[in-house]
Amino acid sequence: MVCYLSLGTNLGDRESNLRRAVSLINRRAGRVLRQSNYIETDPQGFVSPNKFLNACLAVDTNLSPGELLAATQAIEREMGRTQKSTGGGYSDRIIDIDILLYGNERIRRDDLVVPHPRMREREFVMRPLSEILE
């Protein structure tokens, strides 16, 4: 299954954070088929002096949606992320990995909604995603 992921970071060595996340995704979630260029963006939904670096990936995965979510969350924790954003409470983060699309499937669970419900509102998602969509 080809899925599309969004990555973002605004703490530490942002390029290194993205490279490490891509490497871990490639090893644990599925083969990275395509990667967008990095784009720098201002934080959205909260105030911070730290700009984000964002990218999107196309990944060929054998994981189910739930397994993919577990794998991406494990990567976030391994890289130092201690909590996910909830209820619109956003904050600085070393890495954020969102599942945008999982083939053509529509998924609605308490812990996962695909397609990502706010992706079309976010230029930092749509711009890099448009580079790699087929």
**Student:** Ignoring hydrogens and geometry, is there a side-chain-to-backbone donor-acceptor pair from Asp96 to Gly8 under 3.5 Å?
**Tutor:**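 Side chain of Asp96 to backbone of Gly8, a donor-acceptor pair under 3.5 Å: no, none is there.
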**Student:** State the CZ-OH distance between Arg14 and Tyr38, to the nearest 0.5 angstrom.
**Tutor:**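 Output value for this atom pair is 11.0 Å.
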**Student:** Will you find, in the side chains of Arg34 and Tyr4, an N or O donor that is under 3.5 Å from an N or O acceptor?
**Tutor:**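 Short answer, yes.
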**Student:** As an exercise, state the distance from OG1 of Thr41 to CG of Asn54, rounded to the nearest 0.5 Å.
**Tutor:**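 The CG atom of Asn54 is 4.0 Å from OG1 of Thr41, to the nearest 0.5 Å.
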**Student:** Say you draw a straight line from CE of Met79 to CZ of Arg93; how long is it, rounded to the nearest 0.5 Å?
**Tutor:**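 The CZ atom of Arg93 is 13.5 Å from CE of Met79, to the nearest 0.5 Å.
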**Student:** Write down the atom of Glu67, the atom of Ser64, and the distance for their closest heavy-atom approach.
**Tutor:**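 Shortest heavy-atom separation between Glu67 and Ser64 comes out as OE1-N, 2.8 Å.
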**Student:** Side chains of Thr9 and Asn17 only: does a donor on one sit below 3.5 Å from an acceptor on the other?
**Tutor:**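 Yes, side-chain donor-acceptor contact under 3.5 Å.
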**Student:** Say you draw a straight line from CD of Glu131 to CG of Asn37; how long is it, rounded to the nearest 0.5 Å?
**Tutor:**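 Reported value, rounded in 0.5 Å steps: 4.5 Å.
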**Student:** Nearest 0.5 Å please: distance from the CZ atom of Arg31 over to the OG1 atom of Thr61.
**Tutor:**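 If we round to the nearest 0.5 Å, Arg31:CZ and Thr61:OG1 are 11.5 Å apart.
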**Student:** Is Arg20 atom CZ crowded by more than 12 heavy atoms from other residues, nucleotides or ligands, each under 6.0 Å away?
**Tutor:**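 Check passes, neighbour count above 12.
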**Student:** Looking at every non-hydrogen atom in both residues, tell me the closest pair between Cys56 and Leu100 and how far apart they are.
**Tutor:**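 It is SG-CD1, 3.9 Å.
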**Student:** Is there a path of hydrophobic side-chain contacts, each under 4.5 Å between heavy atoms, that joins Ile39 and Met119?
**Tutor:**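 Cluster IDs for Ile39 and Met119 match.
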**Student:** Do you know which two heavy atoms are closest between Ala21 and Leu7, and how far apart they sit?
**Tutor:**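 Shortest heavy-atom separation between Ala21 and Leu7 comes out as CB-CD2, 3.7 Å.
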**Student:** Do Ile99 and Leu57 belong to the same hydrophobic cluster, where Ile, Leu, Val, Met, Phe, Trp and Tyr are linked whenever their side-chain heavy atoms lie under 4.5 Å apart, directly or via other members?
**Tutor:**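 Linked within one cluster.
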**Student:** How close do Leu63 and Ala71 get, counting heavy atoms only, and between which atoms?
**Tutor:**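 Closest pair (atom of Leu63, atom of Ala71, distance): CD1-CB, 4.0 Å.
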**Student:** Which one of Val114, Val2, Leu112, Leu5 satisfies the side-chain contact (heavy atoms from CB on, under 4.5 Å) criterion with Tyr102?
**Tutor:**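 It is Val114, the one option of Val114, Val2, Leu112, Leu5 that forms the side-chain contact (heavy atoms from CB on, under 4.5 Å) with Tyr102.
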**Student:** Tell me whether Leu129 shares a hydrophobic cluster with Ile107, the cluster being built from Ile, Leu, Val, Met, Phe, Trp, Tyr side chains joined at under 4.5 Å.
**Tutor:**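 Leu129 and Ile107: separate clusters.
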**Student:** Check the surroundings of atom CZ in Arg120: do more than 12 heavy atoms from other residues, nucleotides or ligands lie under 6.0 Å from it?
**Tutor:**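 At most 12 heavy atoms, drawn from other residues, nucleotides or ligands, come within 6.0 Å of this atom.
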**Student:** Of the non-hydrogen atoms in Pro115 and Arg106, which two are nearest, and what is the gap between them?
**Tutor:**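 Heavy atoms of Pro115 and Arg106 come nearest at CD-NH1, 3.3 Å.
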**Student:** Between atom CG of Leu24 and atom CD1 of Ile97, what is the distance when rounded to the nearest 0.5 Å?
**Tutor:**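 It comes to 8.0 Å.
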**Student:** Can a donor-acceptor pair be found, under 3.5 Å and without considering hydrogens, that links the side chain of Ser48 to the backbone of Asp92?
**Tutor:**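 Side chain of Ser48 to backbone of Asp92, a donor-acceptor pair under 3.5 Å: no, none is there.
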**Student:** Checking the side chain of Ser6 only, and the main-chain atoms of Val125 only, is there a donor and an acceptor separated by less than 3.5 Å?
**Tutor:**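 Not a single qualifying donor-acceptor pair exists.
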**Student:** Report whether Val113 and Leu101 are members of the same hydrophobic cluster (ILVMFWY, side-chain heavy atoms less than 4.5 Å apart, transitive linking).
**Tutor:**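 Per the 4.5 Å side-chain linkage, Val113 and Leu101 are not co-clustered.
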**Student:** Carefully, step by step, assess Arg127 and Arg122 under the rule side chain to side chain contact (heavy atoms under 4.5 Å, CB included).
**Tutor:** CA-CA 8 Å; Arg127 200 164 106 206; Arg122 298 174 169 172; over 6 Å; no
**Student:** Should we say atom CZ of Arg109 is surrounded by more than 12 heavy atoms from elsewhere, each under 6.0 Å from it?
**Tutor:**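 Above 12, so yes.
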**Student:** Are Phe124 and Leu133 connected in a single hydrophobic cluster, I mean Ile/Leu/Val/Met/Phe/Trp/Tyr linked by side-chain heavy atoms less than 4.5 Å apart?
**Tutor:**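 Linked, Leu133 and Phe124 end up in one cluster.
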**Student:** Testing the basics here: between Glu76 and Ile95, what is the closest heavy-atom pair and its distance to 0.1 Å?
**Tutor:**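 The answer is CA-CG2, 3.7 Å.
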**Student:** Do the side chain of Ser23 and the main chain of Arg19 share a donor and acceptor less than 3.5 angstrom apart?
**Tutor:**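 The answer is no, because no donor-acceptor pair under 3.5 Å joins these two groups.
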**Student:** Looking at Leu69, is its backbone amide N or carbonyl O close enough to the side chain of Thr72 to form a donor-acceptor pair, meaning the two atoms are under 3.5 Å apart?
**Tutor:**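 Yes, Thr72 side chain to Leu69 backbone: donor-acceptor pair under 3.5 Å.
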**Student:** Go through the steps to decide whether Glu78 and Arg28 satisfy the test salt bridge (charged side-chain N to carboxylate O under 4.0 Å, His left out), and finish with yes or no.
**Tutor:** CA-CA 12 Å; Glu78 181 177 327; Arg28 297 187 192 161; 2.6 Å; yes
